[in-house]
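Working notes, beginning with the structure itself.
What's counted below: heavy atoms across the whole structure, side chains too, no hydrogens, waters or symmetry copies. Computed from a predicted model, the values in this text were never measured in an experiment.
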Amino acid sequence: LQNKHANLSSITFILPSKRAGVFLKNQLSQIVKETIFSPNILSIEEFVEEISKLKTITNTDLLFEFYNSYIQLTKKENIESFDVFSKWAQILLQDFNEIDRYLIPQKNIFEYLSDIQDLKHWSLGTNKTEFVQNYLSFWNKIFTYYSHFTKQLLLKKSGYQGLIYREAVENLETYIQNNPNKEHVFLGFNALNTSEETIFQEFLKSGLAKIYWDVDEVFMNNSIHDAGLFTRSHKNKWPFFKNNNFDWITSNYSKEKNISVYGIPKNIGQAKYIGSLLKSLKKTDGSLNNTAVVLGDENLLIPVLNSLPSNINTLNITMGFPLKSIPLASLFEHLFHLHKNPSKSFYYKDIIILVSHQFLRPLFYVNGVDYASKLIETIEANNLIYIHVDRLKEITEARCNSIIDLLFSKWQETTDLALKNCSDLILNIKSYLDENKGSNLLSLEYLYRFNELFNELTLLNAKYNHIQDISTLYSIYKELLSTETLDFKGEPLQGLQIMGMLESRVLDFETVIISSVNEGILPAGKSNNSFIPFDVKVENKLPTYKEK
């Protein structure tokens with residue numbers, strides 16, 4: 001671009017991820033000779049939001065919004081509880097997302113699906129049973145659900161990823177007319193959905209964009225090699241490349257490399273071995289600036305961090321640590337398990353698990369007396385099986401009453417109270433951890449994220465009021481927990497880089513260590529979490545496990 005005397009400041013760069021943008025900025029600073037303003041560098045998601053004028057909302061918000069539509073479109077006697085609804089709604093939302101990203105005509109595909117179900121159902125009699133009728137009416141209603149739900153989202157100027165992509169394609173012409181002189185550069189893309197293909201081609205056609213690929217000739221020339229599957233298709237099918245060269249095909253793959261493969265039993269073995277590899281690399285390359293550890297299985301993050309050599313000073317982690325793997329998650333898991341079925345007395349094993357939990361035990365240590373031990377000893381000495389809250393208070397004396405109340409009583413009245421108890425419990429644990437902050441920094445960070453999570457649940461319940469009982473609250477909590485991560489902050493351009501597979505897109509390192517290159521992890525294997533059958537996906541050019 002600089003050789004063509006492009007004005008770098010005025011270009012909008014679009015990349016697959018935010019992380020790649022940081023590296024691009026660093027490269028720009030190295031080639032630019034004079035002081036300039038930084039160009040606009042966006043991830044594809046941000047760019048599409050800009051074109052569509054919609055904001056992305058979280059999965060949980062989507063679920064609550066969808067339930068609103070569902071209630072309005074369903075007869076009162078047929079309405080399912082939020083708990084049951086959320087099980088199938090998750091899959092349906094994923095299908096909505098795919099259908100929209102690939103610009104499939106919605107009415108056609110949903111009608112097609114209901115026709116298939118009508119053919120498949122097992123009752124051939126003219127008088128269908130009520131069960132079959134309900135089953136078929138669900139399939140007939142999917143398009144109605146979709147229309148109502150997306151209309152509500154658009155009124156609020158928000159949407160899920162697929163809807164935002166579809167809207168962006170609708171708004172393309174307007175955006176291009178409003179920005180006739182704005183230059184765009186698309187970098188390092190591979191697997192594009194139909195919306196992205198449409199957007200890219202439209203920009204190329206109107207002369208507002210350049211596109212740079214990174215693909216090797218070995219994959220391009222081998223017609224059955226999956227690594228070139230998408231790029232070959234773009235090169236052959238896009239009208240733009242009939243008159244323009246498809247540049248940037250490299251030949252790095254055939255150059256000599258030093259590749260070692262290690263077979264190691266069990267995950268912790270892998271983590272330890274990564275540690276020893278880094279130790280020997282550190283001796284030869286002091287900074288490890290050009291080394292990346294790519295974790296195929298993201299659950300290996302904590303074992304790898306614990307296995308790093310002590311002489312690594314700078315480190316950058318660009319993957320979230322799943323909240324469900326944090327020790328604090330098990331505490332709330334036990335609490336919800338305890339209160340899902342209303343009861344005045346509790347099974348002794350549940351009580352022992354809770355009071356001996358690493359985050360709770362210190363709260364029972366009052367004025368030099370360890371009431372948690374006292375409680376456990378009394379239960380075991382007297383062979384108690386089911387224990388009432390009042391008996392717990394007797395054993396631990398008045399000093400632990402407040403914490404006993406938070407854990408064992410007052411949960412059954414309302415979900416609001418259950419949420420308040422969880423928040424109060426977090427504050428109690430925080431005040432204990434604050435006393436010696438230095439050694440508890442990570443635990444305080446865990447607490448902060450869980451506090452955010454319960455605040456989000458409280459807000460959602462206040463806004464929509466769909467959570468009616470503890471088991472529904474528990475299933476939504478689990479849903480939130482599975483998607484939330486604890487993000488680490490580091491210096492993105494220095495030292496050793498640890499990342500997940502997706503974060504490694506467009507980046508380039510001298511030494512790459514990849515873990516968990518096992519069948520079932522890389523590639524992930526066949527998982528069909530969808531209402532759309534395989535043959536319908538193939539016919540409508542939706543991605544199947546092969547593309548994924």
Side-chain angles (χ1 to χ4, degrees), residues 1 3-4 6 10-16 20 40 42-52 97-106 108-109 161-251 505-506 537-544 546-548:
L1 284 167
N3 293 344
K4 291 176 182 166
S10 65
I11 293 175
T12 300
F13 288 94
I14 294 113
L15 298 129
N40 199 8
L42 301 170
S43 71
I44 181 71
E45 272 87 8
E46 291 169 322
F47 180 58
V48 170
E49 276 186 19
E50 197 177 291
I51 301 176
S52 68
N97 194 33
E98 290 283 69
I99 286 166
D100 279 343
R101 288 194 316 171
Y102 284 82
L103 303 180
I104 311 292
Q106 309 93 318
N108 298 2
I109 196 161
Q161 192 196 34
L163 187 63
I164 292 172
Y165 271 101
R166 198 186 270 274
E167 280 300 300
V169 172
E170 300 274 319
N171 287 352
L172 251 184
E173 224 168 282
T174 319
Y175 179 87
I176 289 172
Q177 281 166 6
N178 292 345
N179 300 284
N181 303 317
K182 198 171 175 183
E183 189 172 359
H184 302 76
V185 172
F186 297 108
L187 288 176
F189 285 92
N190 176 32
L192 300 175
N193 58 50
T194 314
S195 300
E196 286 165 340
E197 284 197 45
T198 310
I199 291 167
F200 287 17
Q201 290 189 69
E202 206 52 49
F203 272 97
L204 289 169
K205 195 170 93 182
S206 58
L208 291 183
K210 291 187 175 68
I211 188 160
Y212 295 106
W213 304 93
D214 177 15
V215 65
D216 203 280
E217 60 182 9
V218 173
F219 307 138
M220 285 301 275
N221 300 337
N222 180 348
S223 63
I224 57 167
H225 199 302
D226 273 352
L229 177 77
F230 296 101
T231 325
R232 279 196 305 274
S233 156
H234 303 330
K235 180 176 183 277
N236 298 333
K237 290 180 184 167
W238 286 16
F240 180 76
F241 293 121
K242 292 201 168 45
N243 310 320
N244 295 276
N245 290 338
F246 189 95
D247 295 328
W248 310 100
I249 296 179
T250 58
S251 55
R505 285 176 298 181
V506 201
K537 283 191 168 184
V538 172
E539 189 170 322
N540 285 286
K541 297 189 174 55
L542 280 169
T544 61
K546 177 180 167 69
E547 286 78 14
K548 289 199 190 299

Roughly how far, to the nearest 0.5 Å, is the CZ atom of F240 from the CD1 atom of I211?
8.5 Å
Spacing of CG belonging to N179 relative to CZ belonging to F203, to within rounding of 0.5 Å:
7.5 Å
Shortest non-hydrogen contact from S52 to A168?
CB-N, 3.6 Å
Donor-acceptor list for residues 216-223 side chains, cut-off 3.5 Å, not counting sequence neighbours:
residue : atom : partner : partner atom : Å
D216    : OD1  : V218    : N            : 3.2
D216    : OD2  : N252    : N            : 2.8
D216    : OD2  : Y253    : N            : 2.7
N221    : ND2  : E217    : O            : 3.2
N222    : OD1  : I224    : N            : 3.1

Working for side-chain contact (heavy atoms from CB on, under 4.5 Å), residues W248 and V215
CA-CA 7 Å; W248 310 100; V215 65; over 6 Å; no
Taking the side chain as every heavy atom from C-beta outward, state whether L192 and F200 have any atom pair closer than 4.5 Å.
yes
Going by the rule ring-ring contact (aromatic ring centres under 6.0 Å, His included), which residues pair with F246 if we only count those two or more places apart in sequence or in a different chain?
W213, F241
Atom CG of L229 and atom NE2 of H234: how far apart are they, to the nearest 0.5 Å?
9.0 Å
Could you check whether any side-chain N or O of D214 sits under 3.5 Å from a backbone N or O of G188, counting only pairs where one atom can act as donor and the other as acceptor?
no
Which atom pairs, one a donor and one an acceptor, fall under 3.5 Å between side chains of residues 42-51 and the rest of the protein, sequence neighbours left out?
residue : atom : partner : partner atom : Å
S43     : OG   : E46     : N            : 3.4
S43     : OG   : E46     : OE1          : 3.4
E45     : OE2  : Q161    : NE2          : 3.1
E46     : OE1  : S43     : N            : 2.9
E49     : OE1  : K55     : NZ           : 3.2
E49     : OE2  : T56     : OG1          : 2.4

Side chain to side chain, F230 and E547, heavy atoms closer than 4.5 Å:
yes
Sort and list the pairs that fulfil salt bridge (Lys or Arg N to Asp or Glu O under 4.0 Å) and have at least one residue in residues 229-248, not counting sequence neighbours.
none
Just how far is it from atom CD1 of I14 to atom CG of N40, taken to the nearest 0.5 Å?
8.5 Å
Over all heavy atoms of both residues, which pair between Y175 and K182 is shortest? Give the atoms and the distance, please.
OH-NZ, 3.3 Å
V169 vs Y165, side-chain contact (heavy atoms from CB on, under 4.5 Å): CA-CA, chis, key distance, verdict
CA-CA 6 Å; V169 172; Y165 271 101; 5.8 Å; no
Over all heavy atoms of both residues, which pair between P16 and R505 is shortest? Give the atoms and the distance, please.
O-NH2, 3.7 Å
Minimum-distance pair of heavy atoms, taken over all atoms of L103 and S195:
CD2-OG, 3.4 Å
Using modelled atom types and a 3.5 Å cut-off, is there a donor and acceptor pairing between side-chain atoms of E202 and backbone atoms of I199?
no
Do L187 and V185 have side chains that approach each other closer than 4.5 Å (heavy atoms only, starting at C-beta)?
yes
Once you round to the nearest 0.5 Å, how far does OG1 of T198 lie from CG of L172?
8.0 Å
Hey, mind stepping through R101 and T194 against side-chain contact (heavy atoms from CB on, under 4.5 Å) and telling me if it holds?
CA-CA 6 Å; R101 288 194 316 171; T194 314; over 6 Å; no
Would E98 and K541 satisfy salt bridge (charged side-chain N to carboxylate O under 4.0 Å, His left out), going step by step from the backbone distance to the final call?
CA-CA 11 Å; E98 290 283 69; K541 297 189 174 55; over 6 Å; no
Test log, rule side-chain contact (heavy atoms from CB on, under 4.5 Å), inputs H184 and I11
CA-CA 6 Å; H184 302 76; I11 293 175; over 6 Å; no
For N190, I'd like to know if atom CG has over 12 heavy atoms of other residues, nucleotides or ligands within 6.0 Å.
yes
Do L204 and N244 come close enough that some side-chain heavy atom pair is under 4.5 Å?
no
Among all residues two or more places apart in sequence or in another chain, which pass the side chain to side chain contact (heavy atoms under 4.5 Å, CB included) test with Q201?
E197, W238, P239
Verify, without hydrogens or angle tests, whether E196 (side chain) and N193 (backbone) share a donor-acceptor contact under 3.5 angstrom.
yes
Just grab all the salt bridge (Lys or Arg N to Asp or Glu O under 4.0 Å) pairs involving residues 162-175, residues at least two apart or on different chains.
D100-R166
Looking at F13 versus F186, is the centre-to-centre ring distance below 6.0 Å?
no
